[in-house]
Asker: 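My questions all concern the structure below.
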Amino acid sequence: MFRSLSLALVCVAGPLFADAVSIETAKGAVEVDVSPDKIAVFDVSALDTLDALGVAADGVLANVYVDYLADVTQGGAIVGSLFEPDFEAVYALDPDLIIAGGRSSTQAEALGEIAPTIDMTIWGDTIAQALDRLEAYGLLFDKTDEAAALRTAFDAKLDAARMAVAGKGKALIVLTNGPKVSAYGSNGRFGWLHTALDLPEAVKDVAQSNHGEAISFEFIRDANPDILIVIDRMAAIARPGDNAEATLDNPLVHETNAWKDGNILYLNAADIYIASGGIQSLGRTLDQFTQSFPAE
């Protein structure tokens, strides 16, 4: 597990390094030349935030899974997938900078043999790290004004979503994977939905794991959440199988306050499962809360 990160961006003194910044990455501080001319991006969260800043990637993934980034892959060189770089394609592209992260983080060292590579994995405090990444990319690509505007817009979305769920009761986050269901707590992978929105947990002792705690329908009934937040993994990765709606249409789930009151929120699964930490993904997820729970 990666440690919680903080942003450390400082200009490096001296004429030799006048155009470099030191960026705090998942592997520590790394000096990076500013405004790299050609970049390859292997992390969807990074691609999301760069796209929001107006920075185009020259090397892109064959499949980014999220619909709002589909056009980003058009015209760029395909350099691999989330898990497997096409090293020959990366060599052919000859990028000035490679951005890895998340599922591609295990390949960062190998990619670093081709070109300077930074691992921008987001893990832990999702919101804080996402905003750190936004600021870092703004400095790195001379987009500080754009980054500041995106930060302001994000803060407004966060405030609106927090107000929308205020007083609506306790929530339980579940992920379905076909017929299987797992739960996540405030310290888990999607825990920022609790902490950032001040949304109380229906169950406070959920086992913390990247894959969540495997649970039964009895668990959901006994937790009796007022809000059930659902992430459909099969939908996120575009695989056939039982969808979340079918899986949760169960007599035991029907006994919960969330089901009775119609407070089941099916999040855009690809947004939060694949691109979580991207500034656009975060905003889109927050918008779902605001639209689903209009202020009284």
Asker: Would Asp43 and Arg133 pass as an ion pair if we require N to O under 4.0 Å?
Answerer: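 No.
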Asker: Do Lys260 and Asp226 pass the salt bridge (Lys or Arg N to Asp or Glu O under 4.0 Å) test, and can you show the C-alpha distance, the side-chain angles, and the key distance before you say yes or no?
Answerer: CA-CA 9 Å; Lys260 294 175 183 177; Asp226 300 296; over 6 Å; no
Asker: Going by an N to O cut-off under 4.0 Å, is there a salt bridge joining Lys38 and Asp96?
Answerer: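 Between Asp96 and Lys38 there is no salt bridge, as every charged N stays at least 4.0 Å from the carboxylate O atoms.
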Asker: Membership question, hydrophobic clusters at under 4.5 Å side-chain separation (ILVMFWY): are Leu175 and Ile274 in the same one?
Answerer: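 Ile274 and Leu175: one cluster.
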Asker: Please check this pair: side chain of Thr117 against backbone of Gly112, looking for a donor-acceptor N/O pair closer than 3.5 Å.
Answerer: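 The answer is yes, because a donor-acceptor pair under 3.5 Å joins these two groups.
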Asker: Look up atom CD1 in Ile39 and atom CG in Leu93, then write down how far apart they are to the nearest 0.5 Å.
Answerer: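 Separation between the atoms: 10.0 Å.
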Asker: Evaluate the side chain to side chain contact (heavy atoms under 4.5 Å, CB included) criterion for residues Ile227 and Lys170: first the C-alpha distance (whole Å), next the side-chain angles of each, then the deciding distance (0.1 Å), finally the verdict.
Answerer: CA-CA 6 Å; Ile227 300 173; Lys170 298 179 180 180; over 6 Å; no
Asker: Check the pair Ile220, Leu252 against side chain to side chain contact (heavy atoms under 4.5 Å, CB included), reporting the backbone distance first and the verdict last.
Answerer: CA-CA 8 Å; Ile220 299 176; Leu252 294 171; over 6 Å; no
Asker: Looking at every non-hydrogen atom in both residues, tell me the closest pair between Pro95 and Ala40 and how far apart they are.
Answerer: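 Looking at all heavy atoms of both residues, the shortest contact is CB-N, 4.1 Å.
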Asker: Please check if any side-chain donor atom of Asp48 sits under 3.5 Å from a side-chain acceptor atom of Tyr68, or the reverse.
Answerer: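 Result is yes, a qualifying pair exists.
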Asker: Testing the basics here: between Gly169 and Pro200, what is the closest heavy-atom pair and its distance to 0.1 Å?
Answerer: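 Closest approach of Gly169 to Pro200: O-CD, 3.6 Å.
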Asker: Could you check whether any side-chain heavy atom of Leu140 comes within less than 4.5 Å of a side-chain heavy atom of Val32, counting everything from C-beta outward?
Answerer: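 Yes, at least one pair of side-chain atoms sits under 4.5 Å.
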Asker: Indicate yes or no: at least one non-hydrogen side-chain atom of Leu193 is less than 4.5 angstrom from one of Leu267.
Answerer: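 With C-beta onward as the side chain, the pair touches.
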Asker: Applying the 4.5 Å side-chain criterion to the ILVMFWY set and letting contacts propagate, would Phe154 and Tyr137 be lumped into a single cluster?
Answerer: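 Yes, it is one cluster - the side chains of Phe154 and Tyr137 are joined through contacts under 4.5 Å.
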Asker: Can you name the nearest heavy-atom pair linking Ala160 to Thr290, along with the distance?
Answerer: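 Shortest heavy-atom contact: C-OG1, 3.7 Å.
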Asker: Can you find a heavy atom in the side chain of Tyr266 that is under 4.5 Å from one in the side chain of Ile229?
Answerer: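 No, side chains not in contact.
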Asker: So, Asp232 and Asn243: side-chain donor and acceptor under 3.5 Å apart, yes or no?
Answerer: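 The answer is no; no qualifying pair exists.
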Asker: Measure the shortest side-chain to side-chain distance between Leu282 and Lys157 over non-hydrogen atoms and say whether it is less than 4.5 angstrom.
Answerer: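 No, too far: nothing below the 4.5 Å cut-off.
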Asker: Measure the shortest side-chain to side-chain distance between Tyr65 and Val44 over non-hydrogen atoms and say whether it is less than 4.5 angstrom.
Answerer: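 They are not in contact (no side-chain heavy atoms under 4.5 Å apart), so the answer is no.
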Asker: Is there side-chain contact between Val30 and Ser22, with at least one heavy-atom pair below 4.5 Å?
Answerer: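 No, side chains not in contact.
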Asker: Quick check for you: to the nearest 0.5 Å, what is the distance between Ile99 atom CD1 and Ile23 atom CD1?
Answerer: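 One finds 8.0 Å between CD1 of Ile99 and CD1 of Ile23.
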Asker: Hydrophobic cluster membership, with links at side-chain heavy-atom distances under 4.5 Å among I/L/V/M/F/W/Y: are Val253 and Leu265 in one?
Answerer: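 No.
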Asker: Sub-3.5 Å donor-acceptor pair from the side chain of Ser104 to the main-chain atoms of Ala100, do we have one?
Answerer: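 Such a contact is absent between Ser104 side chain and Ala100 backbone.
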Asker: Are Tyr184 and Leu172 connected, step by step, through hydrophobic side chains (Ile, Leu, Val, Met, Phe, Trp, Tyr) whose heavy atoms are closer than 4.5 Å?
Answerer: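 No, separate clusters.
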Asker: Would you say CD of Glu88 has more than 12 non-hydrogen atoms from neighbouring residues, nucleotides or ligands within 6.0 angstrom?
Answerer: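 Incorrect, the count does not exceed 12.
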Asker: Counting only N and O atoms by type, is there a donor-acceptor contact under 3.5 Å from the side chain of Ser292 to the main-chain atoms of Phe289?
Answerer: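 Such a contact is absent between Ser292 side chain and Phe289 backbone.
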Asker: Do the charged groups of Arg162 and Asp198 touch, with an N to O distance under 4.0 Å?
Answerer: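 A salt bridge links Arg162 with Asp198.
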Asker: Looking only at the side chains, is there a donor atom on one of Ser186 and Glu201 sitting less than 3.5 Å from an acceptor on the other?
Answerer: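 Side chains of Ser186 and Glu201: pair found under 3.5 Å.
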Asker: Under 4.5 Å between any side-chain heavy atoms of Glu84 and Ser81, yes or no?
Answerer: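 A side-chain contact under 4.5 Å exists here.
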Asker: Taking atom CZ of Phe217 and atom OG1 of Thr247, what is their separation to the nearest 0.5 Å?
Answerer: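 If I round to the nearest 0.5 Å, the distance is 6.5 Å.
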Asker: What pair of heavy atoms forms the shortest contact from Ala223 to Ala202, and how long is it?
Answerer: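 Reported closest heavy-atom pair: O-CB, 3.9 Å.
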Asker: Just wondering, are more than 12 heavy atoms of other shown residues or ligands nearer than 6.0 Å to CD in Glu109?
Answerer: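 No, CD of Glu109 has 12 or fewer neighbouring heavy atoms, counting only those of other groups under 6.0 Å.
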Asker: Hey, does the side chain of Thr73 reach the backbone of Ala70 with a donor-acceptor pair shorter than 3.5 angstrom?
Answerer: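 Yes.
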Asker: Is there a side chain to side chain contact (heavy atoms under 4.5 Å, CB included) between Phe190 and Thr126? Walk through the geometry before answering.
Answerer: CA-CA 8 Å; Phe190 310 109; Thr126 299; over 6 Å; no
Asker: Just verifying a value: how many Å separate Arg239 CZ and Met234 CE, rounded to the nearest 0.5 Å?
Answerer: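 Here the interatomic distance stands at 7.0 Å.
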Asker: Please find the pair of heavy atoms, one from Asp205 and one from Glu213, that lie closest to each other, and give the distance.
Answerer: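 So the minimum-distance heavy-atom pair works out to O-OE1, 4.2 Å.
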Asker: So, for Gln107 and Phe87, which heavy atoms are closest and what is the spacing to 0.1 Å?
Answerer: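 So the two residues come closest at OE1-CZ, 3.6 Å.
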Asker: Has the side chain of Asp33 got a donor or acceptor atom that lies under 3.5 Å from a matching backbone atom of Pro36?
Answerer: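 Side chain of Asp33 to backbone of Pro36: no pair is present.
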Asker: Calculate, to the nearest 0.5 Å, the distance between atoms CG and NZ belonging to Leu197 and Lys168 respectively.
Answerer: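 Rounded to the nearest 0.5 Å, the CG-NZ separation comes out at 12.0 Å.
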Asker: Under a 3.5 Å threshold, yes or no: a donor from one side chain and an acceptor from the other, between Asp249 and His254?
Answerer: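 There is such a pair between these side chains.
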Asker: Taking everything shown except Asp71 itself, do over 12 heavy atoms lie less than 6.0 Å from its CG?
Answerer: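 Check passes, neighbour count above 12.
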Asker: Counting only N and O atoms by type, is there a donor-acceptor contact under 3.5 Å from the side chain of Ser182 to the main-chain atoms of Ala214?
Answerer: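 No, the answer is negative, given that no donor and acceptor are paired below the 3.5 Å cut-off.
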Asker: Quick one: pull up CD1 in Ile279 and CG in Leu150 and give me the separation to the nearest 0.5 Å.
Answerer: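 If I round to the nearest 0.5 Å, the distance is 6.5 Å.
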Asker: Judged by modelled atom types alone, do Asp51 and Gln280 share a side-chain donor-acceptor pair under 3.5 Å?
Answerer: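 Yes, Gln280 and Asp51 have a side-chain donor paired with an acceptor closer than 3.5 Å.
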Asker: Does Ile173 belong to the same Ile/Leu/Val/Met/Phe/Trp/Tyr cluster as Ile264, with side-chain heavy atoms less than 4.5 Å apart forming each link?
Answerer: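 No, no single cluster joins them.
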Asker: Under 3.5 Å, is there a donor-acceptor pair between the side chain of Thr25 and the main chain of Lys27?
Answerer: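 The answer is yes, because a donor-acceptor pair under 3.5 Å joins these two groups.
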Asker: Is a side-chain N or O of Glu146 found less than 3.5 angstrom from the main chain of Gly54, in a donor-acceptor match?
Answerer: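 The answer is no, because no donor-acceptor pair under 3.5 Å joins these two groups.
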Asker: Take Phe42 and Ile98 through the test side chain to side chain contact (heavy atoms under 4.5 Å, CB included) and record every step on the way to the result.
Answerer: CA-CA 8 Å; Phe42 286 88; Ile98 301 172; 3.8 Å; yes
Asker: Got Ser35 and Phe141 here, is their nearest side-chain heavy-atom distance under 4.5 Å?
Answerer: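 Result no, sub-4.5 Å side-chain heavy-atom pair not found.
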